[in-house]
There are 2 protein chains.
Amino acid sequence: MSLRYALLGLLAYEPASGYALTKSFEHHVGRYAWQAGHTRIYPELNKLAADGLIEVAEEGARGRITYAITEPGRAALREWMMTPPAARKVRDEDVLRLFLMSALPPEDSRRLLKAIIEDCAGEIDELRDTIAMLDEDCAEAGERLPFGRLAAEYGLRTYETRRDWALWALARLESH
Amino acid sequence: MSLRYALLGLLAYEPASGYALTKSFEHHVGRYAWQAGHTRIYPELNKLAADGLIEVAEEGARGRITYAITEPGRAALREWMMTPPAARKVRDEDVLRLFLMSALPPEDSRRLLKAIIEDCAGEIDELRDTIAMLDEDCAEAGERLPFGRLAAEYGLRTYETRRDWALWALARLESH
DNA sequence: TAGAGCATGTAATAAGTTACATGATTAC
DNA sequence: GTAATCATGTAACTTATTACATGCTCTA
């Protein structure tokens with residue numbers, strides 16, 4: 001059901017085609033929040049349109065269909081956003097790997113932690129660049145804090161935290 | 001496929017019954033790393049046993065079946081752990097809500113951010129208590145850093161980061 | 001004019017959820 | 001003895017993945 005609202009949320013931010021939405025999922029959305037491929041996205045868009053929560057805003061070249069959210073769609077999104085469920089439900093393969101390290105022999109854990117720390121460093125560098133670019137654009141154009149900027153900041157802080165956690169875990173491992 | 005390795009990882013840490021594993025998922029594992037209910041766990045355990053990656057270690061009261069990982073199971077787990085895929089795949093409904101805030105009218109965003117900050121504060125308090133208890137037990141018993149301690153530390157840092165991010169987002173929202 | 005990438009879809013299979021079902025043991 | 005919770009399962013349905021399929025348009 002979440003995919004429905006992920007799509008609704010992206011379309012509430014701005015109208016887009018299935019193809020453009022797929023790209024959003026490949027980049028920030030699928031990386032931190034909700035993963036989805038085009039084979040699920042297209043059918044779900046059709047269902048959303050059938051339910052009147054989105055509508056075709058424009059039909060462009062190469063069969064491109066740009067959708068926009070409707071008023072009922074906005075209402076449904078708002079309802080979902082403002083009533084979070086009690087139970088948190090997460091599926092994150094990376095974090096799963098972190099958690100299962102207790103099960104590995106210590107040398108493997110150490111190797112894995114070091115790889116994670118290095119990987120995080122790469123992500124952090126990349127995100128810092130992204131943010132610098134976004135802030136430049138924003139200084140000219142912007143009022144409202146854009147979707148990508150929120151995501152990038154979240155990503156940066158998340159990777160910093162993960163790296164620090166890995167450093168902590170490594171230190172605890174070494175001290176035993 | 002990840003559930004398979006989640007189970008293998010937990011059983012590599014220590015033998016357990018399907019019921020006990022289900023509880024692990026309800027608590028730390030499902031909260032941060034990988035969600036799963038008993039209706040998926042039991043069939044997957046049977047499949048793992050059929051594949052020889054785990055074995056029945058003990059049959060106890062009320063039909064309880066305690067499983068233990070086998071050597072092939074350990075090898076399969078290690079292989080999976082040490083070769084993370086390039087693409088990160090995440091499904092986290094909470095984070096999705098954070099991301100979609102750009103799509104809400106500013107007053108709603110503000111309300112939601114404040115609710116998130118409060119919620120994080122609650123989680124942080126709870127996790128601090130958990131960690132204090134774990135560290136007490138560990139001081140007596142312990143050498144290797146236990147599974148739950150890793151998870152609790154990760155959880156604590158994650159919630160602190162999320163709270164700080166929400167505070168940052170709120171400040172940016174107010175300044176416009 | 002050829003190749004890259006835009007753009008959307010379907011079908012078969014796998015994974016996950018919800019609802020239903022049953023029985024054993026423990027603590028009160 | 002009875003309520004809670006331990007303990008495992010199945011069936012119907014929904015959601016997601018993988019593999020396959022097709023055609024358009026822009027750029028070099």
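Quantities reported herein were computed from a predicted structural model and do not represent experimental measurements. Order of the sequence lines fixes the chain letters, A, B, ..., with proteins taken first and strands second; residue numbering starts at 1 for each chain.
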Give a yes/no on whether any side-chain N or O of [X] is located under 4.0 angstrom from OP1 or OP2 of [N].
X	N	result
A/Arg40	D/dT15	no
A/Tyr42	C/dT8	yes
A/Tyr19	C/dT8	no

Please assess A/His28 against A/Phe147 for the test ring-ring contact (aromatic ring centres under 6.0 Å, His included), listing each intermediate value before the final yes or no. CA-CA 10 Å; A/His28 37 272; A/Phe147 183 78; 5.2 Å; yes

Of B/Asn46 and A/Ala36, whose closest DNA chain D nucleotide lies nearer the 5' terminus?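 Looking at DNA chain D, the more 5' nearest nucleotide goes with B/Asn46.
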
So what does B/Arg91 touch, heavy atoms closer than 4.0 Å: a base, only the sugar-phosphate, or nothing?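 Contact class for B/Arg91: sugar-phosphate only.
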
NA contact type, B/Glu44, heavy-atom cut-off 4.0 Å: base, sugar-phosphate, or nothing?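 Result for B/Glu44 = nothing.
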
With side chains defined as the heavy atoms from C-beta onward, is the minimum distance between [X] and [Y] less than 4.5 Å?
X	Y	result
A/Tyr67	A/Leu7	no
A/Leu45	A/Leu21	yes
B/Val56	B/Thr66	no

Given C/dT8, C/dA15, D/dG9, the nucleotide with the shortest approach to the side chain of B/Met1: C/dA15

B/Arg31 with B/Glu123: basic N within carboxylate O range, under 4.0 Å: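 Counted as a salt bridge, because a side-chain N and a carboxylate O are separated by less than 4.0 Å.
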
Taking 4.0 angstrom as the limit, do B/Glu44 and B/Arg4 come out as a salt bridge?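 Answer for the salt bridge query: yes.
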
Both A/Arg64 and B/Trp34 contact DNA chain C. Which one's nearest nucleotide lies toward the 5' end?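 Of the two residues, A/Arg64 wins.
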
Listing time: all N or O pairs from protein to nucleotides 18-25 of chain D that are below 3.5 Å?
unit_1	atom_1	unit_2	atom_2	d
D/dT18	O4	A/Thr39	OG1	3.1
D/dT25	O4'	A/Arg62	NE	3.1

